[in-house]
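A short write-up of the structure that comes next.
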Amino acid sequence: YKAVDSVVDALTRHLLDMNPESAFALPKAIWALAHVFPVLRRVPSIDAIRHESIGDPQFVRQQAFGALRELFASLSKRQTVVVFIDDVQWGDNDSAALLMDLTRPPEAPPLLLIMTHRAEEEDTSPFLAEVRAHWPEDAEVRDITVRALEHDDAKRVALRFMGFDDVPARESADAIARESGGDPFLLEELAKLDGTRPRPGK
């Protein structure tokens, strides 16, 4: 479940941060979800639940998937839930199966799932191939292509990362925008590096 590990880590931190007064009933099969993702046992209320005898792995997996749906459904009744997964092209088929189960009708949890991937991995990633082939028909999907930033936009972003807006900083931001080619990741790294340099009079 490589693509989902970070999601469950974030979910665990959120459950740990919740006020006791806002606690809700945990899914009956939370034991199965904690078996698949042991990090959830950091949550005292989950760790206190008796661990069921582990038999058929497929049964445990089915129960775990259902428990995650219930958990997100309960959270969605209290707040807006956004699940963000970066670089899903490195995910595996188990991750794809879990996410498709999470979003399948009927009564899928009302959440926004955002996944990003590199365009060059589109035709070679097993995760993306599995998702394309079996994504639930009634689950709404929107594909958005994120292209390189225009020069002026890249320059503004560079200035923001640098933390300066004087003449030398604007000149550096212009150079960084050109050198990065509008690539957001490279732009951020170059801008942060430049932002650590001493400024005249500082």
Side-chain angles (χ1 to χ4, degrees), residues 1-117 127-128 130-131 134-144 146 160-161 163 184-185 188 192:
Y1 299 96
K2 290 187 293 186
V4 189
D5 280 340
S6 62
V7 173
V8 179
D9 287 346
L11 176 61
T12 300
R13 291 192 297 270
H14 181 72
L15 293 174
L16 285 168
D17 290 342
M18 286 181 66
N19 294 326
E21 294 78 12
S22 64
F24 51 83
L26 292 169
K28 290 182 179 178
I30 194 68
W31 63 269
L33 189 61
H35 176 75
V36 175
F37 299 101
V39 67
L40 282 166
R41 293 210 165 271
R42 291 176 51 206
V43 181
S45 57
I46 295 177
D47 190 47
I49 293 174
R50 183 175 62 86
H51 204 114
E52 297 284 339
S53 297
I54 303 301
D56 180 5
Q58 286 301 318
F59 174 75
V60 175
R61 171 176 156 134
Q62 180 184 22
Q63 293 294 303
F65 284 13
L68 188 62
R69 278 175 63 96
E70 288 184 45
L71 198 52
F72 273 123
S74 296
L75 286 172
S76 297
K77 291 177 181 178
R78 299 166 177 271
Q79 62 195 92
T80 301
V81 175
V82 178
V83 177
F84 172 66
I85 309 175
D86 195 18
D87 285 326
V88 292
Q89 72 274 0
W90 293 327
D92 49 34
N93 288 345
D94 285 331
S95 299
L98 189 151
L99 292 171
M100 288 187 287
D101 188 85
L102 182 64
T103 55
R104 65 170 171 77
E107 300 180 357
L111 56 80
L112 174 62
L113 172 61
I114 301 174
M115 301 187 291
T116 65
H117 67 83
F127 174 93
L128 293 174
E130 183 71 10
V131 165
H134 301 107
W135 194 258
E137 290 185 5
D138 295 334
E140 183 179 355
V141 177
R142 297 185 186 181
D143 291 320
I144 301 173
V146 180
R160 196 167 182 183
F161 279 124
F185 176 77
E188 179 180 0
K192 286 182 175 179

How are the rings of Y1 and F65 set relative to one another: parallel (under 30°), tilted (30 to 60°) or perpendicular (over 60°)?
perpendicular
Let me confirm one number: the OG1-CH2 distance from T103 to W135, rounded to the nearest 0.5 Å.
3.5 Å
Quick one: closest heavy-atom pair of H117 and Q89, and the distance?
CA-OE1, 3.2 Å
More than 12 non-hydrogen atoms from neighbouring residues, nucleotides or ligands closer than 6.0 Å to CZ on F59, yes or no?
no
Tell me, do V88 and V131 make a side-chain contact under 4.5 Å, heavy atoms counted?
no
Close side-chain approach of E70 and K28, heavy atoms under 4.5 Å:
no
Return the CG to OG1 distance between D17 and T12, rounded to the nearest 0.5 Å.
11.0 Å
How far apart are the C-alpha atoms of S95 and D92, what are their side-chain angles, what is the distance that settles it, and do they pass the side-chain hydrogen bond (donor to acceptor under 3.5 Å, both in side chains) test?
CA-CA 5 Å; S95 299; D92 49 34; 2.7 Å; yes
Return yes if some donor-acceptor pair links the side-chain N/O of S76 with the main-chain N/O of V81 below 3.5 Å, else return no.
no
In short, A67 meets A29 closest at the heavy-atom pair CB-O, 3.5 Å
Looking only at heavy atoms, which two atoms of P109 and A73 are closest? And how far apart?
CB-N, 3.8 Å
Indicate yes or no: at least one non-hydrogen side-chain atom of L75 is less than 4.5 angstrom from one of M18.
yes
A side-chain contact here means heavy atoms from C-beta on lying under 4.5 Å apart; do L68 and F37 qualify?
no
Under the 3.5 angstrom rule, does the side chain of R41 hit a backbone N or O of I46 as a donor-acceptor pair?
yes
For the CG atom of L26 and the CG atom of L40, what is their distance to the nearest 0.5 Å?
9.5 Å
Nearest 0.5 Å please: distance from the NE2 atom of H14 over to the CG atom of L71.
9.0 Å
Q79 CD to L111 CG distance, which is reported to the nearest 0.5 Å:
11.5 Å
What residues, two or more places apart in sequence or in another chain, satisfy ring pair (Phe, Tyr, Trp, His ring centres under 6.0 Å) together with H35?
H51
d(I85 CD1, D5 CG) to nearest 0.5 Å is 10.0 Å
How far apart are the closest heavy atoms of A139 and P105, and which atoms are they?
N-CG, 4.3 Å
Could you tell me if the side chain of T80 sits less than 4.5 Å from the side chain of L112, heavy atoms only?
no
Identify the heavy atoms of A3 and F127 that sit nearest to each other, and give their distance.
CB-CE1, 4.2 Å
Of D94, D56, D101, the residue whose pairing with R61 passes side chain to side chain donor-acceptor pair (under 3.5 Å)
D94
Determine whether F72 and V7 make a side-chain contact, defined as any pair of heavy atoms from C-beta on separated by less than 4.5 Å.
yes
For a quick test of reading the model, state the closest non-hydrogen atom pair linking L16 to P44 and the distance between them.
CD2-CD, 3.9 Å
Take atom CD in E107; do more than 12 heavy atoms of anything else shown fall under 6.0 Å from it?
no
